[in-house]
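Everything on this sheet refers to the single structure shown next.
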Protein chains: 2
Amino acid sequence: MTRHVELVQALRRSGHRLTPQRESVLTVMAENAQHLTAEEILARVRARYPYLNKSAVYRALALLTELGLVNQTDLGRGRVEYELHRHPHHHHLICRRCQQMTQIDHALLATLGEKLARDFGFQADLDHFAIFGTCKKCQTRASKHSKRHSH
Amino acid sequence: MTRHVELVQALRRSGHRLTPQRESVLTVMAENAQHLTAEEILARVRARYPYLNKSAVYRALALLTELGLVNQTDLGRGRVEYELHRHPHHHHLICRRCQQMTQIDHALLATLGEKLARDFGFQADLDHFAIFGTCKKCQTRASKHSKRHSH
DNA sequence: GTCTCTAATGCAACGAGTCGCAATAAGGAA
DNA sequence: TTCCTTATTGCGACTCGTTGCATTAGAGAC
């Protein structure tokens, strides 16, 4: 509830209008701490505001992302996932083989952010990173299988 | 030309068939060192093999990516861009405001890769990273503009 | 060269997300 | 409270990329 008020204020402060469409997206985001797809958000929003158009949802999410209130990440599942901006940041290691996802701490990326700022004056959005690769289990699995493929 | 032969061999070695569709995608990739969108690849491929289906191109690109011969990156322009895997790797800093793109050296990400390997046994694909954020110029521009938005 | 197996293609339908434009409504001004 | 400006919405059409399935064609075996 407090979070919801905060979000509404941030919207108003940045000079944007508060529409029922935006407000309901905001409410849904504030109520769900975990990643949501646009489709899930649309479904939940329609529970309280039934005839809401999908473009409005996408546009609301784009605006919230621009304002830094929401993170928008492609976690490799064929659709983008949205989440309220959390403190401290966190990131994900995603295995391309088994899809397993490990959450990692922001500290691991902080050094990189500092280096980019120092060397290039570039302020990187390292809010919610998805790093793809191969997990420990799948690496050992892969080395066994590679023998078969030799034909 | 040598690069093209290498690619064909890698395909065969991994147990996949060499079709004219795949070969023409390979040829186009080998001839163009820079980023290409799927649409550009399709256009160039059709110059030599006119009735090629777009699914075949997408599937060929997906296979080449899986084999590590091609990098596939979303550089924030609304479509994915493809490029032959280059050594040494390189990455991009992309400004969300002005779209300016700076190429950076792999060395900056190498430490991160090592940390992830050490701490999690995770082998990250840090081949061709797109890091979004705000460039130096746009940061100073933004601080000026923020006064206007205070209403 | 011919046969056979099955990987790969072509096609058409689909899904996520975007865009242009006319209609609507938020919210400041009077 | 009413008016006015213009940001925002709804809608339908569109784009990029994916998928299921019947058909085609690589390439190893004979």
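Protein chains get the first letters and strands the later ones, always in sequence-line order, with residue 1 at the start of each. On a predicted model such as this, the values are computed, not experimentally measured, just so you know.
- Phosphate proximity of C:dT9 to B:T19: present, with a side-chain N or O under 4.0 Å from OP1 or OP2.
- When the side-chain contact (heavy atoms from CB on, under 4.5 Å) test is applied to B:Q72, the partners found at least two apart in sequence or on another chain are B:T65, B:V80, B:Y82.
- Shown here for B:C95 and B:C135, the closest heavy-atom pair between the two residues is SG-N, 3.4 Å.
- For A:R86, the salt bridge (Lys or Arg N to Asp or Glu O under 4.0 Å) partners are A:E83, not counting sequence neighbours.
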Table please: side-chain donor-acceptor pairs of residues 110-119 of chain B below 3.5 Å, with sequence neighbours left out.
residue: B:T111; atom: OG1; partner: A:K115; partner atom: NZ; Å: 3.4
residue: B:K115; atom: NZ; partner: A:T111; partner atom: OG1; Å: 3.4

Please write out the pairs of protein N or O atoms and N or O atoms of nucleotides 11-16 of chain C separated by less than 3.5 Å, giving the distance to one decimal.
residue: C:dC11; atom: N4; partner: B:S55; partner atom: OG; Å: 3.2

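- Between the side chains of B:H106 and B:H91, at least one donor N or O lies within less than 3.5 Å of an accepting N or O.
- Look at CD on B:E23: it is 13 Å from P on C:dT9, rounded to the nearest Å.
- Partners of A:D125 according to the side-chain contact (heavy atoms from CB on, under 4.5 Å) rule, which considers only residues two or more places apart in sequence or in another chain, are B:R96.
- Per the geometry, CG belonging to B:L63 stands 7 Å off P belonging to C:dA8, to the nearest Å.
- For B:L52 and D:dT24, the CG to P distance is 17 Å, given to the nearest whole Å.
- What separates CD of B:Q72 from P of D:dC16 is a distance of 16 Å, to the nearest Å.
- Rounded to whole Å, the distance from CG on A:L61 to C1' on D:dT9 is 15 Å.
- Listed by chain and number, the residues in a ring pair (Phe, Tyr, Trp, His ring centres under 6.0 Å) with B:F129 are A:F129 (sequence neighbours excluded).
- In this entry the distance linking CG of B:L18 with P of D:dA25 reads 15 Å, nearest Å.
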Below 3.5 Å is the cut-off: list the nitrogen or oxygen pairs between protein and nucleotides 4-7 of chain C, distance only.
residue: C:dT6; atom: O2; partner: B:R17; partner atom: NH2; Å: 3.3
residue: C:dA7; atom: O4'; partner: B:R17; partner atom: NH1; Å: 3.4
residue: C:dA7; atom: O4'; partner: B:R17; partner atom: NH2; Å: 3.2
residue: C:dA7; atom: N3; partner: B:R17; partner atom: NH1; Å: 3.1

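- With sequence neighbours excluded, the residues that form a side-chain hydrogen bond (donor to acceptor under 3.5 Å, both in side chains) with A:T27 are A:H4.
- Evaluation of the side-chain contact (heavy atoms from CB on, under 4.5 Å) rule for B:Q9 yields B:V5, B:R13 as partners, not counting sequence neighbours.
- Rounded to whole Å, the distance from CG on A:L11 to P on D:dA7 is 15 Å.
- An end-to-end axis angle of 20° holds for the helix from C:dG1-D:dC30 to C:dA30-D:dT1, taken from five base pairs per end and rounded to 10°.
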Let me check something: any side-chain donor-acceptor pairs from residues 49-59 of chain A under 3.5 Å, sequence neighbours excluded? List them with distances.
residue: A:N53; atom: OD1; partner: A:S55; partner atom: N; Å: 2.8
residue: A:N53; atom: OD1; partner: A:S55; partner atom: OG; Å: 2.8

Kindly list each side-chain donor-acceptor pair under 3.5 angstrom involving residues 30-38 of chain A, sequence neighbours excluded, with atom names and distances?
residue: A:N32; atom: OD1; partner: A:R44; partner atom: NH1; Å: 2.4
residue: A:N32; atom: ND2; partner: A:V28; partner atom: O; Å: 2.8
residue: A:H35; atom: NE2; partner: A:H92; partner atom: NE2; Å: 3.4
residue: A:H35; atom: NE2; partner: A:H128; partner atom: NE2; Å: 3.4
residue: A:T37; atom: OG1; partner: A:E40; partner atom: N; Å: 3.2

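- Distances shorter than 4.0 Å separate some side-chain N or O of A:Q21 from OP1 or OP2 on D:dG10.
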